[in-house]
Amino acid sequence: MPDRRFKRILLKLSGEVLMGDGDGGLAIDPAVTARVAGEIADVQANGHQLCVVVGGGNIFRGISAAAKGIERATADYMGMLATVMNALAVQNALEAIGVETRVQSAIPMASVCEPFIRRRAERHLQKGRVVIFAAGVGSPYFTTDSGAALRAAEMKCDALFKGTSVDGVYDADPKQVATAKRYETISYDAVLARNLKVMDASAVALCRDNAIPIVVFNIREHGNFAAVLAGDGVSTIVQGEPADARL
Ligand code: UDP
């Protein structure tokens, strides 16, 4: 049974979740990507409709390249192309386990994938395909977090799931502070006011203005995506108004 609140989900995957473990790991590790695809397939099999937005930070990050002398807009376009590579890797891994997919890119690339067309994406979802959105919003000076919030709003998703390698939002960096506590729920405004590293401020604001809950969870932990949806996984939900609830 799908969680009735979250029938249609947008899953944001940071590029880093596709990386191999340890030093010298591959930027796109096929075994790791296959594991992530398995998590997506399980959730889809439970009756959820899935949009996926993939980042590119495992390959290329515009702002870092700009700091080393590449002009910022050019560096950002290079970053967007990196997200297309990741999108194809996720598509490949999903199709290898029998999940039908389509990739739509915000930068048209006719021989590689479809361009982003909202109505066509809607049709794919209705037919049970996973739609993978590449190239963020298609403009420099943005990130794929903003792309995820935008597509979640456009596709009328019930929630934005941010799949990372940490299991939620903490009141301090859990790697530095032993007493750091994970929030069970926290408001959009608290995330913005305390500058908590959940997503970019513009992405959080877009979710707030469109009342889209953001669920932060660890997608590298086997079974956690489906478990969070079933109500017994580990995550933090960023949503409107309720008082902070720390564990
Ligand atoms: N990017 C961009 N516009 C967008 C989305 C992405 O310019 O709408 C570029 C930007 O340079 C960014 C890179 O693509 O650094 C990779 O995306 P991101 O950093 O969001 O990837 P993630 O951190 O999620 O892996």
Side-chain angles (χ1 to χ4, degrees), residues 9-21 25-29 32-33 35-37 39-40 50-91 93 103-109 112-113 115-118 121 131-155 157 160-166 168-169 191 195-207 214-220 225 238:
I9 294 162
L10 187 136
L11 173 67
K12 161 73 207 292
L13 293 175
S14 308
E16 66 162 25
V17 304
L18 307 179
M19 281 178 90
D21 300 313
L26 297 168
I28 302 175
D29 186 317
V32 174
T33 308
R35 277 210 302 273
V36 170
E39 304 298 312
I40 296 172
L50 272 158
C51 302
V52 179
V53 166
V54 277
N58 54 325
I59 301 171
F60 200 90
R61 222 181 268 285
I63 203 155
S64 321
K68 293 184 186 129
I70 298 183
E71 192 245 335
R72 174 69 194 268
T74 301
D76 279 342
Y77 280 112
M78 293 166 77
M80 285 184 262
L81 295 179
T83 73
V84 179
M85 293 172 68
N86 284 337
L88 295 181
V90 172
Q91 172 173 53
V103 173
Q104 292 201 344
S105 170
I107 298 175
M109 232 176 275
V112 175
C113 58
F116 172 65
I117 299 173
R118 189 179 64 83
V131 186
I132 304 164
F133 296 113
V137 305
S139 298
Y141 297 95
F142 285 92
T143 66
T144 52
D145 280 353
S146 294
L150 176 65
R151 296 291 180 246
E154 280 183 285
M155 300 309 301
C157 292
L160 193 166
F161 275 63
K162 168 129 175 158
T164 67
S165 36
V166 288
V169 182
V191 165
N195 200 18
L196 297 172
K197 302 282 173 250
V198 177
M199 298 182 96
D200 296 346
S202 53
V204 174
L206 196 54
C207 287
I214 304 168
V215 183
V216 183
F217 73 107
N218 185 348
I219 197 160
R220 294 188 90 155
F225 187 14
V238 184

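Computed over heavy atoms, backbone and side chain alike; hydrogens, waters and symmetry mates excluded. Both counts, for ligands and for their atoms, begin at 1 and track the order of listing.
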Would you mind listing every salt bridge (charged side-chain N to carboxylate O under 4.0 Å, His left out) that reaches into residues 63-82, with sequence neighbours excluded?
R72-D76
For ligand 1, is there an N or O atom under 3.5 Å from any N or O atom of T144?
yes
Nearest non-hydrogen protein atom, atom 14 (O) of ligand 1:
G79 C, 3.1 Å
Report the part of M78 in contact with ligand 1, treating N, CA, C, O as backbone and CB onward as side chain, heavy atoms under 4.0 Å; options are side chain, backbone, both, neither.
neither
min-distance protein heavy atom vs atom 15 (O) of ligand 1 -> G62 N, 3.1 Å
Assess P140 for proximity to ligand 1: is some non-hydrogen atom of it under 4.0 Å away?
yes
Report yes if G136 has an N/O atom closer than 3.5 Å to an N/O atom of ligand 1; otherwise report no.
no
I117 backbone acceptor or donor facing Q104 side chain under 3.5 Å:
yes
Over 60° means perpendicular and under 30° means parallel, so tell me whether F161 and F217 are parallel, tilted or perpendicular.
perpendicular
For K12, is at least one N or O under 3.5 Å away from an N or O on ligand 1?
yes
Which residues pass the ring pair (Phe, Tyr, Trp, His ring centres under 6.0 Å) test with F116, not counting sequence neighbours?
F133
CG (N86) and CD (E16) are apart, to the nearest 0.5 Å, by 11.5 Å
Enumerated ligand 1 atoms positioned under 4.0 Å from heavy atoms of F60:
13 (C), 16 (C)
Is it the case that ligand 1 has an N or O less than 3.5 angstrom from some N or O of G15?
yes
Any side-chain heavy-atom pair from K162 and S14 closer than 4.5 angstrom?
yes
Nearest-0.5 Å distance that lies between atom CG in L206 and atom CG in D200
11.0 Å
Just jot down the ligand 1 atoms closer than 4.0 angstrom to any heavy atom of G55, in number order.
21 (O), 22 (P), 24 (O), 25 (O)
The reported gap from SG in C207 to CE in M199 (rounded to nearest 0.5 angstrom) is 6.0 Å
Atom 2 (C) of ligand 1: which protein heavy atom is closest, and how many Å away?
F142 O, 3.1 Å
Checking the N or O distance criterion of under 3.5 Å, is ligand 1 in contact with V137?
yes
Under 3.5 Å between some N or O of ligand 1 and some N or O of R61?
yes
Atom indices of ligand 1, in the order listed, that fall short of 4.0 Å to a heavy atom of G57
21 (O), 22 (P), 25 (O)
Considering the heavy atoms of S14, write down every atom of ligand 1 situated less than 4.0 Å from one of them.
24 (O), 25 (O)
I63 atom CD1: more than 12 heavy-atom contacts under 6.0 Å
no
In terms of residue, atom name and distance, what is the protein heavy atom nearest to atom 5 (C) of ligand 1?
T143 C, 3.4 Å
Where the side chain of N58 meets the backbone of M19, is there a donor-acceptor pair that is under 3.5 Å apart?
no
Do T164 side-chain atoms and V166 backbone N/O form a donor-acceptor pair below 3.5 Å?
yes
Considering only the protein, which heavy-atom contact is closest to atom 21 (O) of ligand 1, and what is its distance?
G56 N, 2.9 Å
closest protein heavy atom to atom 9 (C) of ligand 1 is D76 O, 3.4 Å
Atom 3 (N) of ligand 1 has as its nearest protein heavy atom S139 O, 2.8 Å
Output the distance between atom CZ (R35) and atom CZ (R220), rounded to the nearest 0.5 Å.
6.5 Å
